[in-house]
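Below you'll find the structure I mean.
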Amino acid sequence: MNKRMQYLVEGITKDIITYLMEDSGCDLPTALKEFYNSETFAKLSDESTGLYIESSAYVYEMLKGELTNGRLK
């Protein structure tokens with residue numbers, strides 16, 4: 001992962017953790033575990049998907065779908 005991509009992934013991750021905590025009322029460790037163990041985070045971290053250039057809100061919508069359905073569509 002190059003430095004630019006790492007910077008973008010970290011920014012999106014920070015936003016998504018905040019969204020999770022606000023929307024579900026969970027604590028920080030739970031939000032971190034939820035996101036870092038998700039298929040969405042795996043895709044975000046994979047440079048070939050290009051997901052890291054999308055908005056935090058877009059990635060969060062993907063995560064919400066995954067959490068609702070148990071997997072990404």
Side-chain angles (χ1 to χ4, degrees):
M1 181 181 316
N2 64 48
K3 287 188 183 287
R4 179 177 177 266
M5 181 184 165
Q6 181 178 357
Y7 175 78
L8 293 171
V9 168
E10 288 173 0
I12 291 170
T13 297
K14 176 188 70 69
D15 291 344
I16 289 178
I17 298 303
T18 301
Y19 297 156
L20 272 174
M21 290 171 54
E22 289 174 354
D23 288 353
S24 67
C26 65
D27 60 4
L28 179 60
T30 302
L32 289 169
K33 180 180 175 187
E34 197 78 27
F35 186 55
Y36 283 125
N37 291 323
S38 70
E39 189 178 342
T40 302
F41 180 73
K43 298 276 186 201
L44 178 63
S45 301
D46 181 355
E47 189 171 3
S48 68
T49 67
L51 191 57
Y52 66 95
I53 61 172
E54 298 293 342
S55 71
S56 299
Y58 179 83
V59 177
Y60 184 56
E61 289 301 316
M62 285 182 63
L63 177 65
K64 287 195 310 187
E66 177 185 352
L67 295 174
T68 301
N69 299 314
R71 61 186 170 84
L72 283 176
K73 286 189 174 185

Check: Is a donor on one side and an acceptor on the other found under 3.5 Å between the side chain of Glu66 and the backbone of Ser38?
Finding: no
Margin query: Can you list everything that forms a salt bridge (charged side-chain N to carboxylate O under 4.0 Å, His left out) with Lys33? Sequence neighbours excluded, please.
Written below: none
Check: Do Glu54 and Leu51 have side chains that get closer than 4.5 Å, going by heavy atoms?
Finding: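 Result yes, sub-4.5 Å side-chain heavy-atom pair found.
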Note to self: Could you measure the distance from the OG1 atom of Thr40 to the CD atom of Glu61? Nearest 0.5 Å is fine.
What the structure shows: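 Answer rounded to 0.5 Å: 11.0 Å.
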Notebook entry, point to check: Of Leu67, Leu32, Leu28, which is the lone residue that meets side-chain contact (heavy atoms from CB on, under 4.5 Å) with Leu20?
Noted result: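 The side-chain contact (heavy atoms from CB on, under 4.5 Å) with Leu20 is passed solely by Leu67 among Leu67, Leu32, Leu28.
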Notebook entry, point to check: Roughly how far, to the nearest 0.5 Å, is the CD1 atom of Ile17 from the OH atom of Tyr60?
Noted result: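 It comes to 10.0 Å.
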Exercise answer: donor-acceptor pairs, residues 4-15 side-chain atoms, under 3.5 Å, sequence neighbours excluded:
residue : atom : partner : partner atom : Å
Gln6    : NE2  : Glu10   : OE2          : 3.1
Thr13   : OG1  : Val9    : O            : 2.8
Asp15   : OD2  : Ser56   : OG           : 2.7

Next item on the list: List the steps and the verdict of side chain to side chain contact (heavy atoms under 4.5 Å, CB included) for Leu63 and Glu34.
Entry: CA-CA 10 Å; Leu63 177 65; Glu34 197 78 27; 5.7 Å; no
Note to self: Using 0.5 Å steps for rounding, measure from the CG atom of Leu44 to the CD1 atom of Ile53.
What the structure shows: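 Rounded to the nearest 0.5 Å, the CG-CD1 separation comes out at 11.5 Å.
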